[in-house]
Every structure is written in C-alpha cells, then in structure tokens.
Amino acid sequence: MKLSSVPTASAPRYRAITRRNVAETALWARMSAGQRRAVEVVSQVLPFRTNEYVLEALVDADRLPEDPMFQLTVPQPGMLSAGDFDTVDGALRAGESSEALAAKVGAIRRKLNPHPAGQMSLNVPRLEGRALEGMQHKYAQTLLYFPRQGQTCHAYCTFCFRWAQFVGMEGLKFAARESSDLVRYLGAHPEISDLLITGGDPLVMRTPLLERHLAPVLEADLPGLQNIRFGTKSVAYWPHRFVSDPDADDLLRLFERIIAQGRHVAVMAHYNHPVELSTPIAREAVRRIRNTGAQIRMQSPLIRRVNDDPALWSELWRTGVGLGMVPYYMFVERDTGPRGYFELPLIRAWEIFGEAYAGVSGLARTVRGPSMSATPGKVLIDGVATVAGRRVFCLQLLQAREGGAVRRPFFARFDPQATWFDQLEPAFAEDAEFFARLEAHSAGAPRRLALV
Ligand SMILES: *Cc1c(COP(=O)(O)O)cnc(C)c1O
Ligand code: SF4
C-alpha cells in the first residue's frame, strides 16, 4: 500500500526529508530497527535527502526493504561494506567526537572513488587561457552548464555518481555563479548547437533564478544555438514543480518564451521506474510540459535492485511514449559510490536492454543502450558475438571526446564479470590500436583504460 492513500493537501509545499527529520515521516513507523539504523549510519557517509511525495506516493510501504523506490532513495545497509558500516556504527555508538567521526567518514568516502570518468580534470572549457567554472565541453555539439544553485535535487538517488559533490567533497567546482562566461564561450564556439543545463537538478531553482542564468543566453546573438536542454529528475521526484508550486506556471512560460524564439526545449527527464509515471500528478506534469511545445526525452541508468527487470523497462518506455515522451538512453550504472550494491555485469545489462527493446513498438525504439559514460565517450554495448573464433563484446561510441571515433564498431574480449569499460581488454590488434587512440585522447584521466 502507498501511504498516500491517506489524503494530503492538494498543493503540498516541498520539504526536504533528511536524517534530521526522517523520524517524523509515516514511512519511518513502517521501517524495522535495522532499516532505521542503516539510515542513521549510511547517511553519515552518503548523502540522504528525500521528500514526502517520494516516500508516500512512490514507495510501497508493504514491500520494505525490496521496494525499488525505497532502494532508490533510502540508504540501505549493503551500501557500505560490512567493515565500513561497523566503523561508523561503532563511532556513533561510542559517542565519538564529531572530529573523530568526520575523519573516519572522510577515509571511507575517499575509498569510494569520487572521480568518475575524469570529469573533474578533463572537459573543462577555457576562454583566453582561463578555465571556466561550472561548465563542461566534452562532445563538440553540446555544452554542459551547472548553475550553482542547481547542485541539489528534490531527492537523492542512492546510486548517484554525483554524491561526492552533494556531501561537499568536491567543493563547488561544478558550479557557475552567473552566465556571462557561458555566453562568451558559446559565442566563440558556433559548433555548439545544444546547451544542456544540468546539476544536481537545475529545476530545483526557483524560476526567477533560472531566468537570471538563462537571460544573457537568450538575449545574445547565438544563431548556432538551437536546443536548450534541462537535465532533471523533478518530473519524477517532485512533479509539483510543473503543476502546483507557486512558480510552476512561470517555468512553463519560460519554456514557451524559448520556443517562441525558434529554439527547441528538451527536458531530459530522468526516470528510473514506471511507478514514477503512475500518479495523477506525475502525468499532469508531463502533460503541462508537453503543452508548452517542449519535448521530454527519458533517460535512466540500469540499477540492480531498482530496475534490473526488462518488463519494467518495457513498461516505462511504453507508458512514456503513450504520454508523448521519447525514450532516449539506458545507461550503465557508473563506477563510483556504492557501486558494489547496484552494479550489474555488462552482459546482463545488454540482455535486459534487448529483452526490454523487444517488448515495445518502434515508437519506443528511439532508446539507445546500454551505454557507459566512460572517459573516452558514451560506449554502447551492441552485443556479444564470435569473431574469428573469439568471443567478443561488440562496442561502439555514441559520443566521443574525439569526434572521429563515433560509431566505429570495435571489439573487446568477452568477460562475463566485467561491469565497466575500464575492465575490458581489446579483442584484436586493431582494437588495441583503437583503445590506445582513445586512451591518448583521455590523457590526464584519473582512471585508465585497461590495455593488454
Ligand atoms: C551524455 C552527455 C552529453 C549529452 O550527449 P547526447 O548524446 O547529446 O545526449 C553531453 N556531455 C556529456 C559530458 C555527457 O555525458
Ligand atoms: S536526481 Fe540525478 S543528480 Fe540528483 S541524485 Fe538522482 S541521479 Fe543524482
């Protein structure tokens, strides 16, 4: 049963639920002592933030702890190793000083690999020799922009690869205060057709603030800039943002203004599970966004315990298409944070994608995956085959730091245990050359490709 069967106010105001107030929620009363302890312990290390809509309308309280939305948003014991869990648990029980606890927590966090895919050092755009904060330019046509006040979310996903930023480990390097550099950079790079405003979740920002970031871009003469994209999970975690929040209508008017300028607005909507489309307000949010002329594209990582079932993906894409959305990417879970808890072998990811894809009509087969956002680019697992007597993964890059590498088929030795690109080894001599070429284009990356 969803706890929201209990009536609530029709236009609830957003309130973050964290370790400090989670004990006030209806779901807490349904959690076991062990589950509560896990929240207290794990949230010392990994960020925990959710809200009442997620806990009451999306989590099924009768299915704890396996419920996918519970796994997705509430810290679980297995997200830390048993040793790390005991370290933190012990420190809390012993009432250690906050400095002693912080030192232990810091050591555990550093072990959890906080630099996924070289994003911190690579892909930072430069203007007149100066590194620009809060932007990334990895693929020629698309610039990422991280507005400073958008570096949080309406709820945090337990698997999130940006966890290190949310707990303050990375400072605010991914954060732009204002957009004057953005406009100048776009002016100097007419090859950029897409501006992808992302976070965290940029739509946690109130509309006037978002407008302040965007206004200089919309006022500038940038004929090459065609698509304004918003990376967001609000459609799933807080659809009220588009329906009943005080500035919901203003946000939709902003979309309309951009569209009236002759540009495309693409909402890059992060959905993990079909239950996120099951509530009336979730569907109303989609309908209202679509009414502005904006298009919604659906993307999501594949996460063990949350959505590792092809039937769920078929349902998600089928429902999404029915609501007028476009399935876009299925990602492989990144190699950071509590990866051991959530990751799946690449072969399993490929099987799940294939089965899910087979279960939907061509209108949903716009989706591509499973794709790894690795240092050299977005690596698509096309399948498993036997080539020249050798079992191989067939791969291609959907996006590449080096544009010339896109869509060229290449092969890696089949490895049934591999969960990420850096565990793969080139299958043939020419693949070794190709891997080396990708490696050369990722110089300075903290995580190297495995080469034979
Ligand atoms: C995925 C991604 C993009 C957008 O790629 P599209 O294929 O255009 O959706 C842009 N920059 C980075 C760093 C990305 O990971
Ligand atoms: S909504 Fe996106 S950025 Fe926010 S926690 Fe989830 S995956 Fe991370």
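Every number for a ligand or one of its atoms is a count from 1 in the order of the listing. Computed from a prediction, not measured in an experiment: that's the story for all the values here.
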The atoms of ligand 1 lying under 4.0 Å from a heavy atom of Lys138, numbered in the order shown, are 13 (C)
Under 4.0 Å between heavy atoms, the region of Asn123 that gets near ligand 1 turns out to be neither
Select the closest option to atom 2 (C) of ligand 1 among Lys378, His137, Gln399, judged by heavy-atom distance.
Lys378
Can the ring centres of Phe410 and Phe435 be said to be less than 6.0 Å apart?
yes
Arg241 bridged to Asp247 by N-O distance under 4.0 Å:
yes
Determine the sole option in Ile197, Leu127, Val217 for which the side chain to side chain contact (heavy atoms under 4.5 Å, CB included) test with Leu182 is passed.
Val217
Should Glu343 and Arg305 count as an ion pair when the cut-off is N to O under 4.0 Å?
no
Atoms of protein origin (N, O or S) under 2.8 Å from atom 4 (Fe) of ligand 2
Cys153 SG
Could you verify whether a donor N or O on one side chain and an acceptor N or O on the other, from Gln141 and Asp194, lie under 3.5 Å apart?
no
When you check the gap from the basic side-chain N to the acidic O, do Glu284 and Arg287 get nearer than 4.0 Å?
yes
Are the aromatic rings of His240 and Tyr53 close, with centres under 6.0 Å apart?
yes
Number the atoms of ligand 1 from 1 as they appear, then name those within less than 4.0 Å of a heavy atom of Tyr328, with their elements.
6 (P), 7 (O), 8 (O), 9 (O)
N-O pairing of Arg257 and Glu211 below 4.0 Å:
yes
Ligand 1 to Leu144, heavy atom cutoff 4.0 Å, flagged ligand atoms 10 (C), 11 (N), 12 (C), 13 (C)
Should one rank Arg229, Arg368, Gln136 by closest heavy-atom distance to atom 4 (C) of ligand 1, which comes out on top?
Arg229
Sub-3.5 Å N/O-N/O distance, Tyr329 and ligand 1
yes
Is Glu178 salt-bridged to Arg148, going by a charged N under 4.0 Å from an acidic O?
no
